[in-house]
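Quick notes on the structure that follows.
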Amino acid sequence: MGKDIIVNYDHQPCYEIKIRDSFDELSRSIQLMNEREYLRICIVTDTNVESLYLKEVLLKLSIDYPDTYITSFTFEAGEGSKNLDTVNRLYQKLINDGFGRKDLLIALGGGVVGDLTGFTAATYLRGIDFVQIPTTLLSQVDSSIGGKTGVDFDQYKNMVGAFYMPQLVFINTSVLKSLPSVQISSGMGEVIKYGIIRDFEFYEWLDSNVEQVKALNNEAIEYVIYKSCMNKKEVVEEDPKEDGIRATLNFGHTIGHAIEKLSNFSLYHGQCVGIGMIAAAYISMKRGIVTEGEFFTIMNILDSYDVCPTLPALDANNIIAATKHDKKMEGDTIKFILIKGIGISYIDKTVTDNEMKEAIDYIFSI
Ligand code: GLY
């Protein structure tokens with residue numbers, strides 16, 4: 001059981017993604033990732049994950065690293081903590097505990113924990129090693145891979161950050177069993193995205209294996225995570241800093257992010273991406289580059305995996321205005337991701353406010 005993926009950066013092997021069904025191989029994987037013997041390790045987590053897995057991970061590492069000082073830092077779960085105040089508190093702890101450049105941070109949690117820990121690792125002493133242990137489906141298939149780290153600043157999501165690669169991404173699929181089903185549906189939004197933007201075969205597999213995936217059948221979920229990680233790896237290897245093709249990973253994100261923000265992060269990220277993907281597919285259909293049949297299979301697959309939530313009442317003009325504050329802007333132009341059928345995506349800079357308005361009206365009508 002288990003799969004390994006090597007991610008290259010600058011055409012050189014950079015870090016491994018290990019997919020397992022327990023934490024048993026965690027210490028060994030850390031030992032194998034480089035030659036370093038860490039004197040200090042700090043596990044960063046949030047209040048949700050702390051009660052579920054911190055003890056187990058601490059215990060395993062303490063047994064396997066008897067001479068290492070192993071500590072932890074927990075912050076309040078939620079997007080509200082993803083800011084420089086939390087980073088400051090973590091810097092303070094690392095300084096007080098004497099962490100040096102040869103020590104290690106471990107991110108144990110979902111996207112917020114991974115992004116914030118990665119950013120701290122990138123900036124503390126100009127960069128120290130870090131390991132990602134993603135514990136949500138969304139972070140396992142997307143945010144832990146590819147080196148995007150950062151925090152929110154004022155009302156701007158991920159406004160301060162750095163591209164900084166982890167030394168290892170260790171995925172334990174069994175932790176998914178402790179997640180509420182809405183978190184699985186949210187993660188499936190990003191999973192289905194890979195099928196729609198670049199992997200038609202995977203899309204068809206997802207469409208034919210809904211029950212096994214939703215039941216978190218071991219083999220099915222390992223395959224879902226493996227295929228998603230492979231898709232993400234291929235894209236980030238080709239375009240690590242998002243100068244081109246990596247932007248296609250933002251399919252569904254322009255309108256999705258705007259809705260996420262306007263609903264004050266009360267909806268999950270993958271749910272908003274699901275809604276945004278319907279809007280982007282709708283615009284593609286209206287332009288005649290996606291057939292009605294293809295559009296409705298996209299609606300159906302998202303429905304089968306319960307991705308899209310009931311939306312709060314939001315004003316279409318406010319959503320359009322919010323898309324203009326997005327990082328996916330280039331000058332005054334929105335880099336919208338459209339599709340030409342299922343499995344082929346491209347960046348389009350010509351989407352008008354009217355097209356967005358029509359698509360938004362559609363998503364509020366279903
Ligand atoms: N989540 C999109 C990216 O990593 O580029």
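Keep in mind the model is a prediction, meaning the values are calculated, not measured. First listed ligand is number 1; within each ligand, the first listed atom is number 1.
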request  = Take every heavy atom of K232, measure it against each atom of ligand 1, and state whether any distance is under 4.0 Å.
outcome  = yes
key: Residue that, paired with D348, satisfies salt bridge (charged side-chain N to carboxylate O under 4.0 Å, His left out) out of K335, R287, K340   = R287
Neighbour count >12 (heavy atoms, 6.0 Å) for atom CZ, F296 = yes
ask   = Is the shortest distance from a Lys or Arg side-chain nitrogen in D129 or R101 to a carboxylate oxygen in the other one below 4.0 Å?
value = no
key: Proximity of D142 to ligand 1 by residue part, where a heavy atom lies under 4.0 Å   = side chain
remark   = min-distance protein heavy atom vs atom 5 (O) of ligand 1 -> R246 NE, 2.7 Å
key: Salt bridge present between E201 and K227 (N-O < 4.0 angstrom)   = no
